[in-house]
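One structure is given here, and the rest of the page talks about it.
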Amino acid sequence: MKIAFAKVGRPKKGAIVVSVAEGGKLSPTATAIDGESGGLIAKAMAGSRFTGKAHQTLTVFTSAGRVLLYGVGDPAKFDLKWAETAGGGIYAALAGSGEKEVTIVMESGDERRAARAAHLALGAELRSYRFDKYRTTLKDDDKPTLEKLTVMVDGHAEAKKLYDVEAAIAEGVAFTRDLVSEPPNVLFPESFAQRCVELKELGVAVEVLGEKEMTKLGMGALLGVGQGSRRESKLVVMRWNGGAKSDQPVAFVGKGVCFDTGGISIKPAGGMEDMKFDMGGAGVVSGLMRALAGRKAKANVIGVIGLVENMPDGNALRPSDILTTMSGQTIEVINTDAEGRLVLADALWYTQDKFKPAFMIDLATLTGAMMVSLGEETCGYFSNDDKLSDALKAAGDAVDEAMWRMPLGDAYNKQMDSDVADMKNAGPRWGGAITAACFLERFVNKTPWIHMDIAGVAWSRKDRSTTPKGASGFAVRALDRLVRDYVEKT
Ligand code: BES
Ligand code: MN
Ligand code: ZN
């Protein structure tokens, strides 16, 4: 969708969106159109339940064309998150209406209006994402008609400048959504790595390690997961050097299981197709790198993703196999379906060993247990560092990506001890997200660290205000915000 900003005036074509505060007070533009159309707007409001409550909408056809009334509710609550929700709501209300163009006329005049305008546009852009490249018989009347969104606001040049930054982040989110949406016959370790290589155009340095290089590094756990697959495992290292040479980097590490059958501990058939999104952590890291490069973040950021496919095969891992990791620690494989932690064990160790980052954040669709804990609304995370933990929570709050800290601790950690190796890869069922995090902590070597288990939030089974149903890109925005507020500002 094309997005533009203009000074306040009367839109010449397309639908017009005007805001209405709770109680039904019309904006000057709405009042003018109402007057020209013989009071049609006032009549429509009187004859409907529309009162200007937050996010209510009402469509009225006037002599000026289609007018969408959008409820602001209490204008004091009209903050940036509110603006994003409204932008998404306006897009959803008009996407398939037949209108090609829409203009939102923002007439409220306080000093945050430019930022609000930018975030209205961002909300609409995020909501307009679609993944329909494989739907060859999709009819025109099932496709959105909306092509252009203009936001009219006083200070439109400033709004445009602010939006340009947000647009780079929206591109990062769309990149993640594309990766997560692709089927595993198209997106496997090598083709995923290739899409990362394309980030070179934005100035990201990209290095791809294959099985030979990883064997040399001793990554027995990551390689163990991939050994049952016909596809070669890959480790992709992306670097954005936007900071000063002397700035210590920060690192993001992603689980990239391009398809998770469970391996020999095979999953049941029902719902197994969902496991194409088991590369969601790697997808977020890649989209984040794209966002940071796109907005030229002033920070040195490393993105490392471990790409494998977990398949049952004559050469696959067996339960009871013992793997030696790059760290030297050994792992008894209890369940080949607990593969994500094996991938991350080597990816995390490699990252801290090679880059000595100021902090390291991993993302993974790691456990069904996390979905049992927090459902699909909130991302659970674990941390060994209170300050970093608080910063992530704040970043998530700022962009409407809810985060909830979960506990670590010795009592959980010791449940991962093995009788025959240094640890086992699967513990008891209860507390499964926590023991998985404890397992990962054994590979961070005291680096300030966060583990985000995005199993419940990587995919949305319903439309949300700024996320159409499907791959969500959850965490790209929060982590971009964390880099802005916690890394670039300090
Ligand atoms: N990728 C799955 C976790 C998952 C399941 C994510 C459902 C999203 C939806 C992971 O590899 C897995 O299979 N975990 C097991 C671990 C268990 C065997 C210890 C699980 O959660 O059941
Ligand atoms: Mn699994
Ligand atoms: Zn998995």
Side-chain angles (χ1 to χ4, degrees), residues 180 184 187-189 192 221-222 224-229 233 253-284 305-313 316-321 331-347 362-380 382 406 412-413 415-418 423-440 451-461 470-472 474-475:
V180 175
L187 200 82
F188 43 88
F192 190 145
L222 187 155
V225 176
Q227 78 190 26
S229 168
S233 301
V253 180
K255 167 181 172 182
V257 177
C258 295
F259 194 75
D260 180 14
T261 64
I264 296 301
S265 314
I266 197 162
K267 288 180 181 295
M272 198 199 277
E273 68 278 11
D274 290 350
M275 286 300 115
K276 74 168 182 180
F277 79 38
D278 213 19
M279 35 55 68
V284 170
I305 57 178
L307 302 174
V308 301
E309 190 181 50
N310 188 22
M311 300 294 275
D313 177 79
L317 276 183
R318 289 154 291 247
S320 79
D321 280 358
I331 304 169
E332 177 193 10
V333 177
I334 298 293
N335 188 320
T336 66
D337 198 10
E339 84 297 339
R341 62 197 77 183
L342 298 175
V343 173
L344 287 174
D346 281 330
D362 79 72
L363 298 104
T365 47
L366 202 65
T367 66
M370 181 53 85
M371 302 181 73
V372 173
S373 305
L374 297 178
E376 299 180 318
E377 312 300 326
T378 303
C379 173
F382 303 80
M406 305 275 292
Y412 293 106
N413 183 45
Q415 296 176 30
M416 299 308 283
D417 289 343
S418 158
M423 68 196 87
K424 54 189 178 185
N425 78 328
R429 177 157 169 239
W430 312 123
I434 306 173
T435 48
C438 292
F439 176 99
L440 296 180
H451 158 57
M452 298 171 68
D453 191 335
I454 58 171
V457 294
W459 191 271
S460 181
R461 285 184 298 146
S472 67
F474 186 105

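Whatever order the structure lists them in is the order used to number ligands and atoms, beginning at 1.
Residue contact check: F277 has heavy atoms under 4.0 Å from atoms 8 (C) of ligand 1. Listed by number with element, the atoms of ligand 1 under 4.0 Å from a non-hydrogen atom of T365 are 1 (N), 2 (C), 3 (C), 6 (C). Atom numbering of ligand 1 starts at 1 in the shown order; those under 4.0 Å from a heavy atom of A455 are 6 (C), 8 (C). Close approach of ligand 1 to E339 is summarised as follows: ligand atoms under 4.0 Å from at least one heavy atom of the residue are 11 (O). Listed by atom number, the atoms of ligand 1 under 4.0 Å from M371 heavy atoms are 8 (C), 9 (C).
Nearest protein neighbour of atom 1 (N) of ligand 1, counting heavy atoms only, is D278 OD1, 2.8 Å. Scanning the protein for heavy atoms near atom 16 (C) of ligand 1, the closest one is R341 NH2, 3.8 Å. Among protein heavy atoms, atom 7 (C) of ligand 1 sits closest to M275 CE, 3.5 Å. Annotation: atom 2 (C) of ligand 1 to nearest protein heavy atom, D260 OD2, 3.6 Å. Protein heavy atom at the shortest distance from atom 15 (C) of ligand 1 is D337 O, 4.0 Å.
For E339, the N/O/S atom at the shortest distance from the Mn ion (ligand 2) is named OE1. The atom of D278 that is an N, O or S and sits closest to the Zn ion (ligand 3) is OD2.
In terms of heavy atoms, P184 sits closest to F259 at CG-CD1, 3.6 Å. When every heavy atom of C379 is checked against every heavy atom of L374, the shortest pair comes out as C-CD1, 4.0 Å. The shortest heavy-atom contact between P428 and Q415 is CG-OE1, 3.1 Å. The shortest non-hydrogen separation linking A345 to F439 is CB-CE2, 4.2 Å. Residues I331 and A221 approach most closely at CD1-CB, 4.3 Å, considering heavy atoms. Residues S233 and G226 share a closest heavy-atom pair of OG-CA, 3.5 Å.
Listed for the T336 side chain is a donor-acceptor partner under 3.5 Å among the backbone atoms of S265. Without hydrogens or angle criteria, N425 side chain to N335 main chain gives a donor-acceptor distance under 3.5 Å. Put simply, the side chain of D453 gets close to the backbone of T367: a donor and an acceptor are under 3.5 Å apart. The backbone N or O of V257 sits nowhere less than 3.5 Å from a side-chain atom of D278 that would complete a donor-acceptor pair.
The neighbour count for Y412 OH, taken as heavy atoms of other residues, nucleotides or ligands under 6.0 Å away, does not exceed 12.
Here the CE-OG1 distance, from M275 to T365, works out to 6.5 Å after rounding to the nearest 0.5 Å.
Assignment of M272 to the shell around ligand 1 is not supported, since no heavy atom sits closer than 4.0 Å. Using a 4.0 Å cutoff on heavy atoms, K255 counts as a contact of ligand 1. The closest approach between R429 and ligand 1 stays at or above 4.0 Å for every heavy atom of the residue.
Remark: atom 22 (O) of ligand 1 lies closer than 4.0 Å to no protein heavy atom.
Residues D362 and K255 are not paired through a salt bridge, judged by the lack of any N-O separation under 4.0 Å between the basic side chain and the carboxylate.
No side-chain heavy atom of R318 sits less than 4.5 Å from a side-chain heavy atom of V333.
Heavy atoms of L366 found under 4.0 angstrom from ligand 1 belong exclusively to the backbone. For N335, every heavy-atom contact with ligand 1 shorter than 4.0 Å involves the side chain, none the backbone. With a heavy-atom cut-off of 4.0 Å, M370 does not touch ligand 1 at all.
When distances to the Zn ion (ligand 3) are checked against a cut-off of 2.8 Å, D337 contributes no N, O or S atom below that limit. At a threshold of 2.8 Å, the Mn ion (ligand 2) has a backbone or side-chain N, O or S atom of D260 nearer than that distance. Residue K255: an N/O/S atom is found under 2.8 Å from the Zn ion (ligand 3).
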- Message: Using the rule given for side chain to side chain contact (heavy atoms under 4.5 Å, CB included), can you reason through V372 versus W430, listing the C-alpha separation, both sets of side-chain angles and the distance that settles it, and then say yes or no?
- Response: CA-CA 10 Å; V372 173; W430 312 123; over 6 Å; no

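Taking only nitrogen or oxygen atoms, main chain and side chain alike, K267 reaches within less than 3.5 Å of ligand 1. Ligand 1 has a nitrogen or oxygen under 3.5 angstrom from a nitrogen or oxygen of G368.
For D260 atom OD2 and E339 atom OE2, the angle they make at the Zn ion (ligand 3) is roughly 90°, to 10 degrees.
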